[in-house]
S.K.: 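Sharing a structure with you now.
Note that ligands are numbered from 1 as they come in the structure, with each ligand's atoms numbered from 1 the same way.
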Amino acid sequence: MKKEVHQFFYEVYDSADELDPADAALLNKAKEVTVQAYAPYSRFRVGAAAKLDNGQVVTGTNQENASFPAGICAERVLMSAASSLYPGVPIDTLAVSYHNEIGSSDNPISPCGICRQSLQEFEQRTGKPIRLLLGGEKGPVYIFLQSGLLLPFAFTADEL
Ligand code: THU
């Protein structure tokens with residue numbers, strides 16, 4: 001038996017002011033679209049904005065349902081929109097922000113497990129890593145160079 005180590009690096013910025021202007025603008029877009037979320041149950045509005053390789057910016061917000069499991073996260077709404085509008089076009093950078101109506105919005109949130117799985121497959125099928133920018137309304141911002149880093153040992157299409 002031997003033990004293996006899995007590790008990865010990510011960037012931590014004290015605030016969005018430290019980002020380069022294109023990243024700051026994308027994160028700002030993610031913040032802006034939180035008003036379009038439909039989140040009457042959780043009151044937790046999530047906004048996502050992605051820059052595609054063709055230069056287009058696509059957004060998504062969480063869309064909830066009285067039948068709770070029917071709700072869908074902002075990230076997967078975004079990926080569905082992107083791949084419907086621009087099939088096969090890779091996502092270069094995806095920013096996620098949020099507005100918590102009943103609490104603080106000052107720390108980055110990161111994609112849920114199902115979204116990580118979907119992000120992994122989006123990367124795989126378009127052949128390009130998705131840079132992830134995660135930040136709240138203020139406070140620190142995290143940057144991951146590849147969203148697949150968030151789902152080590154993923155189950156992928158290769159296994160089928
Ligand atoms: N949510 C997202 O849209 N993205 C995330 O990264 C985390 C959670 C949504 C799901 C649900 O509508 C609400 O936030 C609270 O979990």
S.K.: Report yes if some heavy atom in the side chain of Tyr86 is under 4.5 Å from a heavy atom in the side chain of Asp53; otherwise report no.
M.R.: no
S.K.: Side chains of Tyr10 and Leu149: closer than 4.5 Å at any heavy-atom pair?
M.R.: no
S.K.: Could you tell me whether Lys31 and Glu137 have a side-chain N and a carboxylate O separated by less than 4.0 Å?
M.R.: no
S.K.: Heavy-atom distance under 4.5 Å between the side chains of Leu26 and Asn28, does that happen here?
M.R.: no
S.K.: Any non-hydrogen side-chain atom of Pro140 less than 4.5 Å from a side-chain atom of Asn107?
M.R.: yes
S.K.: Which residue and non-hydrogen atom of the protein lie closest to atom 7 (C) of ligand 1, and at what distance in Å?
M.R.: Ile109 CD1, 4.3 Å
S.K.: Side chains of Glu32 and Thr59, heavy atoms from C-beta outward: is any pair under 4.5 Å?
M.R.: no
S.K.: Counting only heavy atoms, tell me which of Arg43, Gln63, Glu75 gets closest to atom 6 (O) of ligand 1.
M.R.: Glu75
S.K.: Just need the protein heavy atom nearest to atom 11 (C) of ligand 1, so name the residue and atom and give the distance.
M.R.: Glu64 OE2, 3.3 Å
S.K.: Run down the list Pro111, Cys73, Pro40 and name the one with the heavy atom closest to atom 8 (C) of ligand 1.
M.R.: Cys73
S.K.: In the protein, which heavy atom is nearest to atom 9 (C) of ligand 1, and how far is it?
M.R.: Asn62 ND2, 3.6 Å
S.K.: Quick one: nearest non-hydrogen protein atom to atom 3 (O) of ligand 1, plus distance?
M.R.: Ala74 N, 2.9 Å
S.K.: Going by the order shown, which atoms of ligand 1 are within less than 4.0 Å of some heavy atom of Val46?
M.R.: 1 (N), 2 (C), 3 (O), 4 (N), 9 (C), 14 (O)
S.K.: Does a donor on one side chain sit under 3.5 Å from an acceptor on the other, for Glu159 and Thr156?
M.R.: yes
S.K.: Could you tell me if any non-hydrogen atom of Ser110 lies under 4.0 Å from any atom of ligand 1?
M.R.: yes
S.K.: Identify, by atom number and element, the atoms of ligand 1 in contact range of Ser42, meaning under 4.0 Å from any of its heavy atoms.
M.R.: 13 (C), 15 (C)
